[in-house]
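As the structure lists them, so they are numbered: ligands from 1, and atoms in each ligand from 1.
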Amino acid sequence: MRPTTGRTAIVTGSSRGIGREIALHLAARGCDIVVNYHGREDLADAVVREIKWLGRKAIAVHADVADETGAKALFRATLDAFGRIDVVVSNAGIMKTVPIAGAGLADYDAIMRTNARGAFNVLALAGKHLGEGGRIIALSSSVIAKPAPGYGPYIASKAAVEVLVRVMANELRGRGITCNAVAPGPVGTELFLEGKSADQIASLASAAPLERLGTPSDIAAAVAFLAGPEGAWVNAQVLRVNGGFA
Ligand code: NDP
């Protein structure tokens with residue numbers, strides 16, 4: 001099993017939020033990084049600059065993770081730039097709360113497209129390109145355990161991610177590659193904060209016994225553990241990183 005240093009990692013959706021922090025954590029542990037983004041090229045370029053300050057190589061690559069051609073091009077660009085892919089973090093995701101009765105199919109389709117189809121697409125490419133010692137980590141969500149009103153499509157999409165990760169780990173038998181999910185509790189990013197009142201945020205922040213929101217760094221540390229030598233024997237698992245939220 002190779003150490004983290006000298007490896008290349010693709011982090012989908014790493015222009016901001018949790019993905020950005022995962023990219024920085026992996027870079028600090030010696031990985032060269034492909035910063036994938038969808039809309040915010042300016043932010044992705046800023047993350048690339050930060051990684052270079054850490055002494056690692058990085059490129060920003062635009063791709064919609066749910067688009068077959070785009071995701072293929074993301075993996076091709078990584079190989080062209082670095083010649084290898086060792087770690088793939090399927091982090092890109094969107095969230096919208098909509099009640100099942102009353103939600104349009106358009107909302108359901110949009111959430112499933114990015115979160116479930118996107119993860120499927122990225123996992124499939126990771127399975128094709130990773131070799132011995134490879135690591136695949138996908139972002140689920142701890143909200144799966146709390147089926148709150150409005151979270152139907154989002155929880156459905158993340159349930160798909162957890163299933164895909166466990167099946168993938170078994171499909172990779174014999175290749176020395178681990179495949180796991182990390183399921184954060186509420187983390188104070190745009191995805192979580194948008195559209196919530198101060199009271200809603202305070203109530204969710206105090207839901208966990210540790211009585212605070214998670215930080216992107218809390219989640220990135222768990223991902224870096226799974227991507228590094230210490231995580232070698234963890235496979236086909238969902239690691240809930242949530243302060244005890246559920
Ligand atoms: P943010 O909204 O802060 O960031 C989302 C990232 O995903 C951005 O980099 C965005 O790119 C990218 N992205 C969105 N759609 C696509 C797409 N189709 N293709 C490629 N990239 C895309 O979200 P978080 O950092 O909060 O969430 C990261 C992951 O963690 C998600 O999977 C989310 O479901 C999960 N999660 C988050 C929790 C939270 O409380 N924040 C809790 C549990 C799970 P761009 O900037 O270019 O638009």
Give the single entry among G39, G185, S142 that approaches atom 42 (C) of ligand 1 most closely by any heavy atom.
G185
Hey, does the Lys NZ or Arg CZ of K72 hover above the aromatic six-ring of F75, less than 6.0 Å from the centre and inside 45° of the axis?
no
Is it true that a side-chain atom of R135 and a backbone atom of G228 form a donor plus acceptor pair closer than 3.5 Å?
yes
A66 contact mode with ligand 1 (heavy-atom cut-off under 4.0 Å)
neither
Y154, F245, F192: member with heavy atom nearest to atom 36 (N) of ligand 1
Y154
Residue pairs fulfilling side chain to side chain donor-acceptor pair (under 3.5 Å) with at least one residue in residues 43-55, sequence neighbours excluded:
R20-E50
For R175, which residues count as a side chain to side chain donor-acceptor pair (under 3.5 Å) partner, sequence neighbours excluded?
none
Which bit of V187 gets closer than 4.0 Å to ligand 1, counting heavy atoms only: side chain, backbone, both or neither?
both
Note: E68-R117 ion pair, threshold 4.0 Å (strictly below)
no
At a non-hydrogen distance cut-off of under 4.0 Å, which region of K158 contacts ligand 1 (side chain, backbone, both, or neither)?
side chain
Does N36 approach ligand 1 within less than 4.0 angstrom via side chain, backbone, both or neither, non-hydrogen atoms only?
side chain
I'd like the name of whichever of V47, N115, I18 reaches closest to atom 37 (C) of ligand 1 through any heavy atom.
I18
Backbone, side chain, both or neither: what part of P184 comes under 4.0 angstrom of ligand 1, heavy atoms only?
both
Pick from E194, R16, E21, E190: the one approaching atom 2 (O) of ligand 1 most closely through a non-hydrogen atom:
R16
Are R16 and D42 ion-paired here, with the side-chain N under 4.0 Å from a carboxylate O?
no
Between A92, G93, A110, flag the one that comes closest to atom 21 (N) of ligand 1 by a heavy atom.
A92
